[in-house]
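See below for the structure under consideration.
Atom set for the values below is all heavy atoms of this structure, side chains included, hydrogens, waters and symmetry mates excluded.
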Amino acid sequence: MDNVNNPLLQRDSHIGGFALSLAAILYTFVGFILGIVISLAGIEKNTDAYLYLNYLAAPIAMTIAMAVTLKLKKFPLNRAYPVKCHPKYFLIALLLIFGLIFSVSWIDTGVTELLKLMGYVPKGQDAYLPSLSGGLIVPALLVIAVMPAIFEEGLFRGVILNTCADNVGTIRTVFIVGFSFSLFHASAEQTIYQFLAGCVFAFVAIRSGSILPSVVMHFINNAIIIIFAACGLLDGAGNLIISAGGQIALIVTSAVAFIGGMVWLILDKKPVIKCSKGSVKSFFLYASVGIIIMGIMWILSFFIR
């Protein structure tokens, strides 16, 4: 399909920008309401109830934002959430997420150490994870691994990616989705890793033509952290407890897997779509409110403990 001469596709990118802004607005509103509930109920900070309620804000906001966007913009569900793909993409997804978790994620450690030199106080593991003893790992996996894999992928690798890919172009869409994904998380320590992960997830989604491989990757990424923490394999800062030799072997092996997966994707015989004039501007124009909101939250993450 000629994306340059198709006026319908040329205006699709504004839908992704609209969805991002609406999700950010709703996230702020839902977070405010939940904050009132937490205050009235006298729930203390960093308790399980506090953490679970906070984790619910994003899925609620994203669900409403996606539903409203697709309804108002009359964007077809099968275009927003394509599912069919060749099985090889799930193998590629496994190679890439193995590489992301055990080689690329070490970037977070370097970024955190750099921020500490500037006076930043990093959040400990207790600020993110609820109790994981016994059967409590089940609700943690549901809320922290399953729900984000469904709802975040639905917004970023679903609605935003598939409203941009045909007119913003393959390369620009990958970076736009990565940028939106990392900014929405508003985490000073994890921004770079989340940007890279968001770009990789987007590249897999574009090449496979399906949202499912990135859903699997996202679930594994979050589930591994929970399982490792439950097994006592993470220190207070969330770093893997492992010997120096084991760490080197793991980084090298996972880096090879990551490079292999990326080469496999790059050599995949899929056309690279070019950018249509004005489509990037259209996305950022409609996404500007969301970018401002999440940008403010990102800045506040340096100061709010």
Side-chain angles (χ1 to χ4, degrees), residues 22-67 101 105 108 121-158 181-191 193-194 197-198 201 214-239 293-294 296-298 300-305:
L22 183 57
I25 293 170
L26 289 170
Y27 183 39
T28 305
F29 176 74
V30 173
F32 176 72
I33 297 299
L34 290 177
I36 294 176
V37 172
I38 289 171
S39 179
L40 292 177
I43 299 173
E44 295 183 9
K45 189 174 182 180
N46 293 341
T47 60
D48 284 2
Y50 175 88
L51 292 173
Y52 278 122
L53 282 172
N54 276 281
Y55 273 120
L56 290 176
I60 292 173
M62 291 176 182
T63 300
I64 298 173
M66 289 185 285
I101 293 173
S105 66
D108 281 350
V121 179
K123 298 176 182 178
Q125 183 177 299
D126 291 342
Y128 299 103
L129 297 179
S131 299
L132 300 173
S133 58
L136 293 177
I137 191 174
V138 175
L141 283 170
L142 176 62
V143 174
I144 304 175
V146 175
M147 290 177 63
I150 294 173
F151 296 105
E152 290 183 18
E153 291 308 303
L155 176 63
F156 295 103
R157 264 65 64 176
F181 180 69
S182 63
L183 185 63
F184 200 92
H185 283 78
S187 172
E189 303 162 37
Q190 301 176 350
T191 295
Y193 174 73
Q194 287 167 342
F201 290 3
S214 64
V215 169
V216 171
M217 294 173 74
H218 200 145
F219 169 77
I220 292 174
N221 183 86
N222 292 16
I224 285 290
I225 295 172
I226 296 169
I227 293 171
F228 279 10
C231 295
L233 298 176
L234 300 180
D235 60 22
N239 298 315
I293 291 173
M294 300 315 300
I296 293 173
M297 288 188 177
W298 185 84
L300 291 176
S301 72
F302 283 89
F303 308 101
I304 298 177
R305 302 265 58 83

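The two residues P59 and F151 come nearest to each other via the heavy atoms CB-CD1, 3.8 Å. Considering every non-hydrogen atom in both S301 and A186, the closest pair reads CB-O, 3.3 Å. Here the shortest heavy-atom pairing between A223 and A145 reads N-CB, 3.9 Å. Of all the heavy atoms in L136 and S131, the pair that sits closest is CB-O, 3.4 Å. Minimum heavy-atom separation, Y50 to I43: N-CG2, 3.6 Å. Residues L132 and A229 come closest through the heavy atom pair CD1-CB, 3.7 Å.
Summarising the geometry, atom CD1 belonging to I64 is positioned 8.5 Å from atom CG belonging to L22; distances are rounded to the nearest 0.5 Å. Taking CD1 from I224 and CD1 from I101, the interatomic distance works out to 5.0 Å, rounded to the nearest 0.5 Å. One distance of note links OG of S105 with CD1 of I225; it measures 8.0 Å at 0.5 Å rounding. Y128 contributes atom OH, which lies 14.0 Å from atom CD1 of I226 (distance to the nearest 0.5 angstrom). Taking OG1 from T63 and CD1 from I150, the interatomic distance works out to 9.5 Å, rounded to the nearest 0.5 Å. Note that CD of E152 is 7.5 Å distant from CZ of R157, once rounded to the nearest 0.5 Å.
The shortest side-chain heavy-atom distance between F219 and V215 does not fall under the 4.5 Å cut-off. Counting only heavy atoms from C-beta outward, the side chains of Q190 and H185 never approach each other to under 4.5 Å. By the 4.5 Å heavy-atom criterion applied to side chains, N221 and Y193 are counted as neighbours. The shortest distance between side-chain heavy atoms of L129 and L51 does not fall below 4.5 Å. Counting heavy atoms from C-beta on, the side chains of L34 and N54 never come closer than 4.5 Å.
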**OP:** Start with the C-alpha gap between M66 and L155, add the side-chain angles, then the distance that decides, and say whether side chain to side chain contact (heavy atoms under 4.5 Å, CB included) holds.
**Re:** CA-CA 7 Å; M66 289 185 285; L155 176 63; 4.1 Å; yes
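One N or O on the side chain of Y52 and one on the backbone of A140 form a donor-acceptor pair closer than 3.5 Å. Side-chain N or O atoms of N222 include one that pairs as donor or acceptor with a backbone N or O of I144 at under 3.5 Å.
Ring pair F181/F201 is tilted by interplanar angle, where 30° to 60° counts as tilted. Aromatic ring pairs are classed by plane angle as parallel below 30°, tilted from 30° to 60° and perpendicular above 60°; the pair F184 and Y27 is parallel.
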